[in-house]
Colleague: 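Structure in structure tokens, see below.
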Amino acid sequence: MLGARSAAPILLTFLLPALLLAADPSHTRNVILVTADGLRWQDLFHGLDPLLANEKSVSMDPASKDADDRRARFATRESLAPFFWTTLAKKGVVLGNVNVTNAYRVSYPGYSEILTGRASDDIIKGNDPIQQPHETVLEFLKARLSLSKDRVALFSSWDHFHYIAEHTPGAIFINAGYQDSASSPDLSRLQHVALTPWDEARHDAFTFELALDYLRQHQPRVLVISFDETDDWAHSHRYDRVLDMIAAFDAFLNRLWTTLQSMPAYRDSTTLIVTSDHGRGSTLADWSDHGKKVTGADKIWLAILGPDTPASGELPVHAEQRDIAPTIIKLLGQNPSDYKGATGSPIQSAFRP
Ligand SMILES: [Zn+2]
């Protein structure tokens, strides 16, 4: 039997962690960031765009049965992206008023702004494959949380992420473009024969399945999954394929969230952040395009779902692309001001008051 003297430290040993946990406002242990390249708010927030719905020049021929099928299936935002609008938006926060602050409104500057919390306009001026000039939030978190390399991972369809995602080559785990993954030998082989029309990007389906296999085997605390096809099909003027890939993207999110909630390492302790690198135009002439000269290409969107985020749904709150990295840092219980050089701030609506 324990005397009063020896009971106190034992009580403290058992109670202290519980008390600390109760006082800790952050419940997020893992963050998963998912991006869809150039996915327009015009489509995600409204469903099939009436401007393009019957437009032959974007493969939506009014007389086509295939286009008819898409016109029927993707008419509303809930039918185009059911997980996004019926689960993510209901249980989390969706912001439709988010701005890119870099001047270029193309992919590398956008992903760099997301992953470094700043617009690096003097160095990252386009999509040239140059090494990221700043320590990324992924590298910062790996050091700050003392994580091994395999627990900070990025899977992307676009091969340029080897340059974008890290300042120090080899700092984190990156699988980008047509690259094999030891966690998925069969899919690794298949991706080289199921080719896209573009040399720099593999199909998003491979990126997703490879990331999911990796997640199950390595359980990363910080994971980025970056999809490409919503951008490249738009550049190819294939609105039919853009719609297909938005629906596929939504299905990926659904499977990802279901998988996370089925794993003890992730259930109720994981925040999912979903966004885009840039917007694109709103007219028939420029819906497929983006960049400095395209009006509205700086307009993006953002969604957050997780244990620290209130179920506020769609909010008219303004945020900026550079706010995403500080938000991730704060979600993981760290101080965003320790991440030097970032100019964004944590998004308040991502946190319960
Ligand atoms: Zn593009």
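Both counts, for ligands and for their atoms, begin at 1 and track the order of listing. Positions are given from 1 along the sequence.
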Colleague: So, D37 versus S107: side-chain donor-acceptor pair below 3.5 Å or not?
Modeller: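 Yes, S107 and D37 have a side-chain donor paired with an acceptor closer than 3.5 Å.
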Colleague: For a quick check under 3.5 Å, do Q321 and T101 share a side-chain donor-acceptor pair by atom type?
Modeller: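 Side-chain D/A pair, Q321 to T101: absent.
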Colleague: I'd like to know if the side chain of E229 pairs up with that of T196 as donor and acceptor (distance under 3.5 Å, no hydrogens or angles considered).
Modeller: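 There is no such pair (donor and acceptor under 3.5 Å, judged by atom type) between the side chains of E229 and T196.
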Colleague: Would you say the ring centers of W257 and Y266 fall short of 6.0 Å from each other?
Modeller: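 Distance test on ring centres: not under 6.0 Å, no.
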Colleague: Per the side-chain contact (heavy atoms from CB on, under 4.5 Å) rule, which among L33, I329, I114 passes with V137?
Modeller: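 Among the candidates, only I329 passes.
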Colleague: Check whether Y339 forms a cation-pi arrangement with R144 (NZ or CZ under 6.0 Å from the six-membered ring centre, at most 45° off the ring normal).
Modeller: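 R144 over Y339 ring: no.
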Colleague: Taking the Zn ion (ligand 1) as the center, what protein N, O or S atoms are found at less than 2.8 Å?
Modeller: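 Checking every protein N, O and S atom gives D231 OD1, D231 OD2, H235 NE2, H290 NE2.
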